[in-house]
Amino acid sequence: MQKLFSSKRKGNESAQPAPIAPTEPESLVRHIAIIMDGNGRWATKRHLPRLAGHKAGVSALRRVVECAADENIEMLSVYAFSTENWGRPRAEVDGLMRLFWETIRSDLEKLHRDGVRLRHLGRLQDLSPDIQKAILDSVELTRNNTRISLNVCFNYGGRAELVDAIRQIIADGKDPEVINEELISSYLYTRDLPDPDLVIRTAGEMRVSNFLLWQSAYSEYYATSTLWPDFGHEDLLAALNSYRQRQRRFGRLVAS
Ligand code: FPP
């Protein structure tokens, strides 16, 4: 019995952490991740093609980036196209690709002027050369902006990200003994970024959908029935308020 409970930690895992101090949650919302769901339903309700819902979703995203910057959120990550979305009808996939490309072209200058730093999270190499170039140029142009970071998860999948990381770890010849959580994190698309404090999912679904699987291990989750194209400042404030009611413990105890 004793052995079961007193086993020595292996390798470089850290020692038992002390209880954490009671948190001041409002100071901790650095990073919000959003699963922007419900574009299709929004369009269907209006007898519009699904792509009209995605276009309205882009407008919602513009609003939310502004609101988040005003609320001093440091970073937003948005799920714009998953590795599984390739399985949608060809017309919708093509429409989403075109919309993404057009949005970068139409919005990049304003985003840059407004101090938004763009990042891309996902498998770049599977995207068309035009889109790859648009992404790389926009990331480069905005790299010194500091007002807010917008991480666009486009052709992103949490499992694919782990596969890519493991492949690279092996390609780099890492010794199994040096593999720990920090090392794995440093091989993810999000290397150097803070984990999301809050994950918001719109349109009432209660699924993680392969989004930031590793990074959201201790994120707070907030689900709303609001469809993404209808999401705005009030909804963001409601999510932040809900977050602020919570006590984050990261699996530990809070010191009294
Ligand atoms: C999920 O709604 C939404 C998507 C798969 C795409 C989200 C994309 C955008 C908001 C546009 C992204 C563009 C840029 C420039 C970042 P759904 O289609 O699954 O909706 P449904 O569940 O109601 O059918």
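Counting starts at 1 for both ligands and their atoms, in listed order. All values reported here derive from a predicted model rather than from experimental measurement.
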Which bit of [X] is near ligand 1, meaning a heavy atom under 4.0 Å away: side chain, backbone, both or neither?
| X | value |
| --- | --- |
| R88 | side chain |
| E205 | neither |
| L61 | side chain |

[atom] [closest protein heavy-atom partner, distance rounded to 0.1 Å]:
| atom | result |
| --- | --- |
| atom 22 (O) of ligand 1 | R41 NH2, 2.9 Å |
| atom 14 (C) of ligand 1 | F100 CD1, 3.9 Å |
| atom 1 (C) of ligand 1 | M36 O, 3.3 Å |
| atom 11 (C) of ligand 1 | V58 CG2, 3.7 Å |
| atom 20 (O) of ligand 1 | G40 N, 3.0 Å |
| atom 10 (C) of ligand 1 | N39 ND2, 3.4 Å |

Heavy-atom contacts with [X] under 4.0 Å: which atoms of ligand 1 show up? List them by number with element.
| X | answer |
| --- | --- |
| A80 | 6 (C), 7 (C), 8 (C), 12 (C), 16 (C) |
| N85 | 5 (C) |
| T103 | 15 (C) |

**Close approach of A203 to ligand 1, heavy atoms, under 4.0 angstrom** = no
**Complete:** Of K45, H54, R50, the one whose closest heavy atom lies nearest atom 4 (C) of ligand 1 is H54
Is there a donor-acceptor contact under 3.5 Å from the side chain of [X] to the main chain of [Y]?
| X | Y | value |
| --- | --- | --- |
| N85 | S82 | yes |
| R191 | L188 | yes |
| D235 | G232 | yes |
| S219 | P196 | yes |

**Request:** Please indicate whether R159 has more than 12 foreign heavy atoms, meaning atoms of other residues, nucleotides or ligands, lying under 6.0 Å from its CZ.
**Result:** no
With distance as the sole criterion, is a donor-acceptor pair present between the side chains of [X] and [Y] under 3.5 Å?
| X | Y | result |
| --- | --- | --- |
| E92 | H54 | yes |
| S149 | R119 | yes |
| Y218 | D197 | no |
| Q245 | E220 | no |

**Message:** Measuring from atom OH of Y156 to atom CG of N151, what distance do you get when rounded to the nearest 0.5 angstrom?
**Reply:** 11.0 Å
**Prompt:** What about W228: any of its N or O atoms under 3.5 Å from an N or O on ligand 1?
**Reply:** no
